[in-house]
Amino acid sequence: MSKLINNKTEIVADFMRGLKQSHPDLDVDIENRVVYRKTPAVGDKVALVSGGGSGHEPLHSGFVGLGMLDAACMGEVFTSPTPQQIVRAIEKVSTSAGVLLIVKNYAGDIMNFEIAAERAERNGIKVRSVTIDDDVAGGKLPSDGGRGMGLTVFAEKILGAAAENGMSLDGLCELGQDLRTRGRSMGIGMSSCTHPVAGVPTFELGEDEIEVGIGIHGEPGWRRARAGSAQDTAKLLVESILAELAAPEQSSFIVLVNGMGGTPLIELYVMAGEIHRELIERGHSVDRYLVGSHITSLEMAGCSLTLLQSDAESLKYWDAPVSTPALNWGVAA
Amino acid sequence: MSKLINNKTEIVADFMRGLKQSHPDLDVDIENRVVYRKTPAVGDKVALVSGGGSGHEPLHSGFVGLGMLDAACMGEVFTSPTPQQIVRAIEKVSTSAGVLLIVKNYAGDIMNFEIAAERAERNGIKVRSVTIDDDVAGGKLPSDGGRGMGLTVFAEKILGAAAENGMSLDGLCELGQDLRTRGRSMGIGMSSCTHPVAGVPTFELGEDEIEVGIGIHGEPGWRRARAGSAQDTAKLLVESILAELAAPEQSSFIVLVNGMGGTPLIELYVMAGEIHRELIERGHSVDRYLVGSHITSLEMAGCSLTLLQSDAESLKYWDAPVSTPALNWGVAA
Amino acid sequence: MNITASELKTWLLQYGQLLIEQTEYLTKLDSAIGDADHGVNMQRGATAMRQTLTETTKTAPSELLEEVAEAVLEGIGGAAGPLYASLFFGMAGAVDGETSVTPQQLGDALQAGVDSLAARGRAERGDKTMFDAAGPAIEAFRQTLDAGDDLNTAIEAAESAANLGRDETAPMQARKGRASYLGPRSVGHIDPGATSVALLFEALTELSGTENS
Amino acid sequence: MNITASELKTWLLQYGQLLIEQTEYLTKLDSAIGDADHGVNMQRGATAMRQTLTETTKTAPSELLEEVAEAVLEGIGGAAGPLYASLFFGMAGAVDGETSVTPQQLGDALQAGVDSLAARGRAERGDKTMFDAAGPAIEAFRQTLDAGDDLNTAIEAAESAANLGRDETAPMQARKGRASYLGPRSVGHIDPGATSVALLFEALTELSGTENS
Ligand SMILES: Nc1ncnc2c1ncn2[C@@H]1O[C@H](COP(=O)(O)OP(=O)(O)O)[C@@H](O)[C@H]1O
Ligand SMILES: Nc1ncnc2c1ncn2[C@@H]1O[C@H](COP(=O)(O)OP(=O)(O)O)[C@@H](O)[C@H]1O
Ligand SMILES: [Mg+2]
Ligand SMILES: [Mg+2]
Ligand SMILES: [Mg+2]
Ligand SMILES: [Mg+2]
């Protein structure tokens, strides 16, 4: 399958140009691969910076704007950004209240953000990090813990709203840690995807096979299984997550039914219906749904489920106004 | 590739259940396949009804809500809804100001909506229709005219805002006709898709081939061509559309860069950048961009471009508040 | 003996049977020049027809045909739904008030149905549609009766003409429906709708012998 | 004669050359148990190294290595970027102030580099990472020198140990990095990072003969 690209090593720059043209509220520093708000946040709001490899769009660049991120740094496709890029992003938006980094738990991201944070702090900027590691991975977690998955979207929204609301850097770190304990994800894949430079699909699946416990890089998962119905898949995801989440009886959730990029919306809503049923059957309830392709693996087919135990605070920040390319609500014209 | 579905003949019903659970502002009549606003429009606003085959999500059900449609009727996948379904949708939301049907130009849709309109009128409801036929089809248009493509999204948004603003049924028809003359689309495909009941891809494409002038049903297009760069594709789409649109020099546009369902956002924004360049080079300008998968062919890879010549009125209605699952802006929390 | 509602039922039940047997083939044809759903659509239509035909209490041909028209209109969807519905509505209108029909009246009714289908689709011969099988079939049917032949012979003639009309859609370039957007690429493929129409006339053989029974 | 910045350049240019030759192979390995980009990442790293090495004005080994570390840190990204950067930063720190280094000092520097890589990655032997090629290689290098053999022999020993370490990652189950999420499915595949590390030691053969020149 061909791709809508020009020079395959310049995809990220070309993407950023299109993003800037399409969204007048955003600005981009193409050389340093930073997407940031054109109008910086006012006052001493803590600045939120996230980033990672590209190929997961709309994450993270599509979540830059009022009520979410102040800047996103974009690595090459599936490759963590480098410390200098991250430092540039931090410098672009840092305020006296400090900078919070939201880092997905992948070896590369962890190390590059770690080095960047050290360097920015050496330059006198107050930097703290929250690591998102919500993936239950479909099996036994390795020692590094779960990968960062859909909880990243929730963290960016909720921490973004809290920051907009004046929460301090320490407060945000605490809230971030709290979200970590209350959210888990799991994904399944029904196809791989083609890294634009590699040019061939990362792996091939048989007609009736799925990969269980995938990450967000078009990689194979913890195990291969026979494809079941949407109901079977919903049950698998809900059970696997609840086994790790230790949610009390009658918990209520914010739910992300996420497409990996190549799965049509019609299937995601079918899944939402089945997930709803699975949760209700277990005595739980759902406060909010987000259904769509928000953290993707290029054109991979499949979906992931994220459950975040909700409370008054998270719901308040979830419902708070947001104006970004990918999430937009509550802001008067 | 497997699909996230249960019973393949019950996909639409299962989808509707998930949609309703995820969007508390919407209600659904599953038996009659109608999605409609839970809180009906107040006063004597003209009601807007659209619909068509399923498999194009978010179109049309994702555009039901404040500022767009009052109801959408959902046919089976790629199959026009039947007259009775359409009549039920009309009856659900009709007001004394009448009902405007937005119909995409496909033989099936035209005939079924025609019969439904006759029947609803026999029941005393004032019904008018706007046919959307914006596809330049990549070649010589057949006698039936162009198929309905991305302009449908623009029409639903702009007519929806105008209706919300109190425009009469006659006024809406006129504005709809006006939009028809000012908007054109064209699409290219890089893969087909699999009709869930048929179970096999509708057609196969070679690695480096694209289909030029596709519709929105995973069907082959006017011709097959070698895949080019994003820039080549942008040039092809812009030139083909401008050849039909007869836009005066220095026109300005509202632009939809639409994904067919299986193309990642990163590629769509690369296309947006290239399309921008092509338009600017020809002396035109762009007022607004919408980039994303808004009118799709299940998981087909590819994209379509829609150019609508903008003016003060269309921009006003484009920017007006909207609150639907797929388009949402300008509404205070 | 004339053709009653009961014979019409037999005809249409057989048509439904053939549609179900040919579902995959019809979809395959629609994959080549359409959107891969004609088989699925007609299968739903067959199910809707069968339900109507087994539950109906109507004994007048016209009322029965109207119920069938309504059933396919709601059961099929897409382009084929209103087109087949028009065919049956057209037939119903032509036999209004009759309790049974002669072969000639059946011919007139089929003619009215086919006219109504063509009108609904604004289709002309050579557009590569259902009409390219339906038109020749009804012509052959009536000409054979007009020549003094019996119903059996007329049915055979209609069936052959429908099949020939169906096959002759292959070299045509479509001018109506989805296939028309393929331009010259629509050439070389048999039209799915013409193929399902040929089954409708094939099913008429169930009526063979009615006259002599 | 001791090893100067100029020899280190030769080494690293050769390393870059090997990376570019092996780009596709490294990516293929990463497709099996990772995200199909290790080749592409290292190719970018090779380009960045080459640019630095051809433009640099540094003559002190430590300054040169620091520039290289910075170049790969910014050039590679992903997990491999900071890990290779740590290796070169570690080496640079160990030869601080020297204008040239003896084979023993090179061994100490490589040891410091490998330690620093392992620390950055929190990697242990058997985790199926770069460290499983780098660890044995530097051990072999130093043991050979300690046994009184010359640089050539030490380089040969390091190269063989790196290759062996690389091959021995195949039966391991990954405990670090992306591959660790494959669990038992990571068994049976050579680790991509260990493979690129083996190229680093293979490139050392460019220094063979330095001592006698
Ligand atoms: N305007 C028309 N007039 C007559 N027949 C038509 C017309 N448009 C389409 N058809 C017939 O409909 C068939 C396709 O039916 P179907 O696949 O069920 O509907 P759709 O095209 O909506 O998917 C075509 O093969 C053709 O015979
Ligand atoms: N924590 C770690 N410690 C040491 N090496 C690691 C670690 N994590 C990953 N690696 C190495 O990095 C290699 C992958 O590098 P690369 O593909 O470039 O980065 P990424 O995994 O971010 O895509 C692995 O093959 C492994 O050798
Ligand atoms: Mg990577
Ligand atoms: Mg159809
Ligand atoms: Mg069809
Ligand atoms: Mg990798």
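For clarity, every value in this text was computed on a predicted model and none was experimentally measured. By convention in this document, chain letters (A, B, ...) are assigned in the order of the sequence lines, proteins followed by strands, and residues within each chain are numbered from 1. What's counted below: heavy atoms across the whole structure, side chains too, no hydrogens, waters or symmetry copies.
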Minimal heavy-atom distance between A:Ala198 and D:Thr27, with the atoms involved, is CB-CG2, 3.8 Å
Next on the checklist: Could you report the tightest heavy-atom contact between D:Gly34 and A:Pro220, atom names first, then the distance?
Outcome noted: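 Here D:Gly34 and A:Pro220 meet closest at O-CD, 4.5 Å.
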Rounded to the nearest 0.5 angstrom, the OG1-CG distance for A:Thr79 and D:Asp35 is 6.5 Å
Distance col, row D:Asp127:CG vs A:Ser143:OG, nearest 0.5 angstrom, shows 6.5 Å
Non-hydrogen atoms of chain D under 4.5 Å away: do they reach the side chain of [X], the backbone, both or neither?
{"X": "A:Glu76", "answer": "side chain"}
{"X": "A:Asn32", "answer": "neither"}
{"X": "A:Val200", "answer": "neither"}
{"X": "A:Tyr106", "answer": "side chain"}

Of the listed D:Gln43, D:Arg122, D:Glu24, D:Lys28, the one with the largest count of heavy-atom pairs under 4.5 Å with chain A is D:Arg122
Among D:Asp37, D:Ile33, D:Thr23, single out the residue with the greatest number of heavy-atom pairs under 4.5 Å to chain A.
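So the answer, after comparing D:Asp37, D:Ile33, D:Thr23, is D:Asp37.
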Bottom line for D:Ile76: the part with an atom under 4.5 Å from chain A's heavy atoms is backbone
Side chain to side chain contact (heavy atoms under 4.5 Å, CB included) for D:Leu73 and A:Ile115? Distances and angles first, verdict last. CA-CA 10 Å; D:Leu73 187 61; A:Ile115 298 173; 3.9 Å; yes
*Under a 4.0 Å N-O cut-off, is there an ion pair linking D:Glu70 with A:Arg119?*
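Salt bridge present between D:Glu70 and A:Arg119.
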| Is any side-chain N of the basic residue among A:Arg33 and D:Glu74 closer than 4.0 Å to the acidic one's carboxylate O? | no
Contact list (residues 80-97 of chain D to chain A, heavy-atom gap under 4.5 Å, by number) returns D:Pro82, D:Leu83, D:Phe89
Expected contact set for residues 172-185 of chain D against chain A at heavy-atom separation under 4.5 Å reads D:Arg175, D:Lys176, D:Gly177, D:Arg178, D:Ser180, D:Tyr181, D:Leu182, D:Gly183, D:Pro184, D:Arg185
Among the options [options], pick out the one with the most heavy-atom pairs lying under 4.5 Å from chain D.
{"options": "A:Glu211, A:Gln85, A:Lys140", "result": "A:Glu211"}
{"options": "A:Glu114, A:Glu219, A:Gln84, A:Arg224", "result": "A:Gln84"}
{"options": "A:Cys193, A:Gly146, A:Pro201", "result": "A:Gly146"}

A:Asn112 side chain to D:Gly78 main-chain N or O, any donor-acceptor pair under 3.5 Å?
yes
Counting neighbours of [atom1] on [X] that are heavy atoms of other residues, nucleotides or ligands and sit closer than 6.0 Å, is the number greater than 12?
{"X": "A:Glu118", "atom1": "CD", "answer": "yes"}
{"X": "D:Gln51", "atom1": "CD", "answer": "no"}
{"X": "D:Arg142", "atom1": "CZ", "answer": "yes"}
{"X": "D:Glu21", "atom1": "CD", "answer": "yes"}

